[in-house]
Amino acid sequence: MPKNEFICDCHPIDVELVAKTKEAMPKNEVIKNIAHFFSVVGDMTRCKILFALKESPMCVCDLANVLSMTKSSISHQLNKLKTAGFVKCEKCGKQVFYSLDDDHVCEIFDVSLIHLNHKAEEDHNEK
């Protein structure tokens, strides 16, 4: 495939808007990190873990019981969340408690719920 095959061949309607938008666009590395962020939270099990940890720090055993899963599968997902910077852990005796790394994850989930509820309400009102 030629390199330029996916480049738009049309002329912009609003040249200033196109220039302004291109200038405001984050660098590719930032976009890549955003895409990675959403790929991490794009897994149902990891979403459930994050929602559970939003309530309170928990150990693997408690998370496994909340989600009705094995400790092994929860540990695997927690490792991915920890590597991506979503959760942190703190050892307390022989137990390890996991918690959200910061409040930003809570804010993102809160906003996503508001958005989904808003869309559901709109869809309901259209019927």
Original post:
Quick check: does any side chain N or O of Asn65 sit under 3.5 Å from a backbone N or O of Cys61, one acting as donor and the other as acceptor?
Top reply: yes

Original post:
Would you say Leu113 and Phe51 make side-chain contact, with heavy atoms under 4.5 Å?
Top reply: yes

Subject >> Leu17 atom CG, over 12 foreign heavy atoms within 6.0 Å >> reply: yes

Original post:
Which residues satisfy the ring pair (Phe, Tyr, Trp, His ring centres under 6.0 Å) test with Phe86, sequence neighbours excluded?
Top reply: Phe37

**OP:** Quick one: which residue pairs count as a side chain to side chain donor-acceptor pair (under 3.5 Å) with a foot in residues 11-38, not counting sequence neighbours?
**Re:** none

**OP:** Could you tell me which residues satisfy side-chain hydrogen bond (donor to acceptor under 3.5 Å, both in side chains) with Lys54, sequence neighbours excluded, listed by chain and number?
**Re:** Asp110

Subject >> Pairing residues for Lys119 by the salt bridge (Lys or Arg N to Asp or Glu O under 4.0 Å) criterion, not counting sequence neighbours >> reply: Glu122

Original post:
Does any pair with a residue in residues 75-88 pass side chain to side chain donor-acceptor pair (under 3.5 Å), and if so which ones, sequence neighbours excluded?
Top reply: Arg46-Gln77

Original post:
Should Ile34 and Val111 be regarded as members of a common hydrophobic cluster, given that ILVMFWY residues are connected when their side-chain heavy atoms come within less than 4.5 Å of each other, either directly or indirectly?
Top reply: no

Subject >> Cluster link Leu116 to Leu50, ILVMFWY, side chain under 4.5 Å >> reply: no

**OP:** Heavy atoms only: give me the nearest Leu63-Ala52 pair and the separation to one decimal.
**Re:** CD2-CB, 3.7 Å

Original post:
Would a 4.5 Å heavy-atom cut-off, applied to side chains only, mark Ile49 and Thr45 as touching?
Top reply: yes

Less than 3.5 Å apart, which donor and acceptor atoms pair up between the side chains of residues 92-109 and the rest of the protein, not counting sequence neighbours?
unit_1: Asp102; atom_1: OD1; unit_2: His104; atom_2: N; d: 2.9
unit_1: Asp102; atom_1: OD1; unit_2: His104; atom_2: ND1; d: 3.3
unit_1: Asp102; atom_1: OD2; unit_2: His104; atom_2: ND1; d: 3.3

